[in-house]
Amino acid sequence: MFRQFADNPLMLLRWLLLIAMGLIFTLANSYFLAPGNLYSLGESFSLLGLVALGLALTMLVGEFDLSGGAMVAVSGLIMLKLGESNAFVGLAAALAFGAGVGALNGLLTLRLQVSSLVTTLGVMILLSGFAVWLEGGQGVSFSNYDLTDAFNASWLSVLSPRSVITIALFAAVGVALAITRLGRDIIAAGSHRKAATMSGANVASAVLSAFIASGLFAALAGALLAITLGRASSTFGANLLLQAASAAILGGIALSGGVGRPFGVAIGVLVLCVLNNGLGLIGASSPVVMLLNGAVLLVAVLVDGAPGQWLRRSRAAH
Amino acid sequence: MKQTLRTALGTLLTGSLLALAGAASAEGAQEGKKVIFLGADDICEYCAVYNGQIRKLAAAAGIDLEVVTNKFDAAQQATQIDQAIAKKPDAILLWTIDGTALFPSMRKVKRAGIPLLLTDVQPDQKMDDLWVQYSGGNYEEQGAKAAQLMVKAFDDKGMEKKGGVILITGIIGQAQTISMTKGFTETLAKLAPDLTILGSQPGNWDTGTSTQAAAGLFTKYGDQIKGVYAAEDIMMQGVLIAAERAGMDPTKMAMIGGGCEPVGIQNIKSGKQYGTVLQSPVDEATYAVQSLTDYFNGKEMAKSHYVPHPMVTAANVDQVCKPWPKD
């Protein structure tokens with residue numbers, strides 16, 4: 001971790017921002033560090049984290065997946081529609097659907113040679129319509145409250161099954177990017193696609209894998225949300241995409257591709273979750289919450305801009 | 001005559017309620033109690049009035065009320081409930097964003113031993129062991145009264161009760177949307193079996209969305225449409241815009257809204273909207289604080305405590321619908 005800070009001083013700044021916010025909210029409200037509140041923070045981290053992690057992978061490979069939010073709604077509906085009698089069937093179907101739609105996004109982007117913003121926009125609209133159709137005007141509920149309670153259980157007072165799954169996935173993706181051929185191809189394809197192709201990287205496989213992972217993670221987020229709420233609706237996940245993009249950018253993922261790592265995305269997600277959790281705890285009004293979310297993102301982008309370039313240049317000079 | 005009687009009853013009921021609030025306040029057990037209210041965001045005008053009123057009324061009753069709002073996001077509200085449990089308040093007052101999605105969170109509140117009171121949205125009553133009392137609108141009754149008003153509009157305008165009507169609903173899947181639609185369709189089928197519901201589109205409690213939704217239905221069904229039920233007056237405003245754009249005269253149609261909101265009052269007075277069904281944020285906030293004071297004073301409480309929903313037309317709009325407070 002320390003080497004990562006030395007290599008990337010901006011990551012240290014993000015950590016400092018996170019710690020500063022934690023300190024401010026602890027001083028402002030004694031409940032901030034209460035186990036119940038940390039559990040609640042973990043739940044927020046889980047939902048946003050999974051969508052942000054998938055989106056970040058597509059950004060790393062130089063693309064962008066707009067369909068994540070809509071996938072959360074559809075996969076939740078599939079989970080509950082097919083999982084009432086057997087939750088594993090519902091979960092498997094939701095994940096298979098997520099991976100399938102991710103593959104479709106990847107194939108459309110590769111075959112049509114158009115921006116993924118266009119292809120995933122079309123898929124996002126399709127998914128939104130599919131969600132309304134699946135819902136059938138009534139929403140879908142889940143009566144298996146034993147399973148819901150099991151997924152809402154608290155481990156060591158602060159963790160939940162959802163937050164543990166999310167943390168494990170962040171770690172797994174971080175390791176995979178660092179040590180596997182596919183991981184290196186994803187970064188190479190995002191950094192300079194032509195050069196990556198010429199140097200033998202399997203760019204098509206990298207792009208396809210990133211989209212499959214994005215669909216899969218969003219589907220997992222939707223299925224887990226549906227289980228924990230005992231309910232799925234076409235409106236779920238509507239606000240997630242923008243937050244996920246903010247978290248990824250805050251975490252150091254460049255829109256141009258090739259830059260950033262899952263560890264940074266986790267920090268970006270935590271910054272947003274701590275900010276919203278802390279502001280909620282002190283009773284800040286929604287306009288204040290929205291203004292501060294926007295301000296934090298802008299500050300991060302500005303720091304990544306001119307000062308960031310200066311830091312990167314001086315590091316390169318040494 | 002019936003209308004006047006209902007208005008008088010409504011006024012009497014509200015008056016007695018305020019008197020009761022005063023009495024409960026005098027009992028004083030609620031004073032200094034910490035209550036967390038998890039509600040909807042101020043970006044909705046109805047919600048903003050409700051939030052302003054509940055702050056005032058709770059302060060007057062001596063309740064230490066913390067207001068936490070969210071942008072109609074069930075997942076966010078579930079997290080807010082976890083946070084509220086961590087603070088161990090004396091009670092939680094919940095305006096549930098989704099009638100069903102918060103059941104697991106309500107179970108957590110129950111397990112934590114914190115009394116839960118509900119306002120504005122009534123979830124499935126099969127689960128009512130999770131809360132002490134629901135106070136607020138009776139949405140099925142609202143829908144039923146809208147259907148009665150629709151039939152009355154046909155009669156008053158001398159229209160034969162034959163042909164089609166359309167519905168502009170709230171957000172699909174929400175408990176209120178389902179109940180209002182049920183109340184309206186069932187009552188209309190009983191009162192005017194020859195009136196057919198041609199189509200229904202969600203207006204999502206929003207004027208712009210309702211304009212587009214109604215425009216589509218006007219294009220599809222044209223002159224077959226004799227009446228429109230929009231579940232909220234701000235959605236009826238969108239319907240009226242769409243009707244005028246489509247070259248239809250809303251004064252010659254049976255236009256029924258809901259809420260008796262400022263824009264609804266204006267449209268009823270201008271004759272573009274025939275009527276509405278009252279649901280006042282002031283009443284709802286008053287009932288919610290009444291619920292809290294009753295609970296802290298150990299009173300016996302029914303599971304449901306509904307605000308009055310009188311039917312409103314141009315004849316009684318000034319008596320029944322009061323302007324919303326500005327702060």
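Per chain, numbering begins at 1; letters A, B, ... match sequence-line order. None of these values were measured; they are calculated from a predicted model.
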In plain terms, say whether A:Asp149 and B:Lys108 are close enough for a salt bridge, that is, a side-chain N and a carboxylate O under 4.0 Å apart. no
Kindly check if the number of other-residue, nucleotide or ligand heavy atoms within 6.0 Å of CG (A:Leu156) is above 12? no
Got a sec, which residues hit side-chain hydrogen bond (donor to acceptor under 3.5 Å, both in side chains) with B:Lys220, two or more places apart in sequence or on another chain? none
Atom group of B:Thr69 that falls short of 4.5 Å from chain A, counting heavy atoms: both
Measuring heavy-atom distances to chain A, does B:Met127 have an atom under 4.5 Å in its side chain, in its backbone, in both, or in neither? side chain
Which residue out of B:Val68, B:Asn70, B:Asp82, B:Asn51 racks up the most heavy-atom pairs below 4.5 Å with chain A? B:Asp82
Kindly indicate, with the supporting measurements, whether the criterion side-chain contact (heavy atoms from CB on, under 4.5 Å) is fulfilled by B:Phe103 and A:Leu229. CA-CA 7 Å; B:Phe103 284 147; A:Leu229 293 178; over 6 Å; no
With rounding to the nearest 0.5 angstrom, report the CD to CD1 distance, A:Glu43 to B:Ile81. 12.5 Å
Side chain, backbone, both or neither: which part of A:Leu281 has a heavy atom under 4.5 Å from chain B? both
Taking everything shown except B:Lys34 itself, do over 12 heavy atoms lie less than 6.0 Å from its NZ? yes
Please classify the contact of B:Asp124 with chain A as side chain, backbone, both or neither, using a heavy-atom distance under 4.5 Å. neither
Part of B:Ile171 within contact of chain A (heavy atom distance under 4.5 Å): side chain
Among B:Glu66, B:Arg111, B:Lys87, single out the residue with the greatest number of heavy-atom pairs under 4.5 Å to chain A. B:Lys87
Non-hydrogen atoms of chain B under 4.5 Å away: do they reach the side chain of A:Asn277, the backbone, both or neither? both
Decide yes or no for B:Asp73 and A:Phe236: does some side-chain heavy atom of the first lie under 4.5 Å from some side-chain heavy atom of the second? no
One should read off an interatomic distance between B:Thr79 OG1 and A:Tyr39 OH, to the nearest 0.5 angstrom, of 9.5 Å
Do you know which two heavy atoms are closest between A:Gly230 and B:Pro104, and how far apart they sit? N-CG, 4.0 Å
With rounding to the nearest 0.5 Å, note down the distance linking OH in A:Tyr31 to CD in B:Gln83. 12.5 Å
A:Thr235 versus chain B, the contacting section by heavy-atom distance below 4.5 Å: side chain
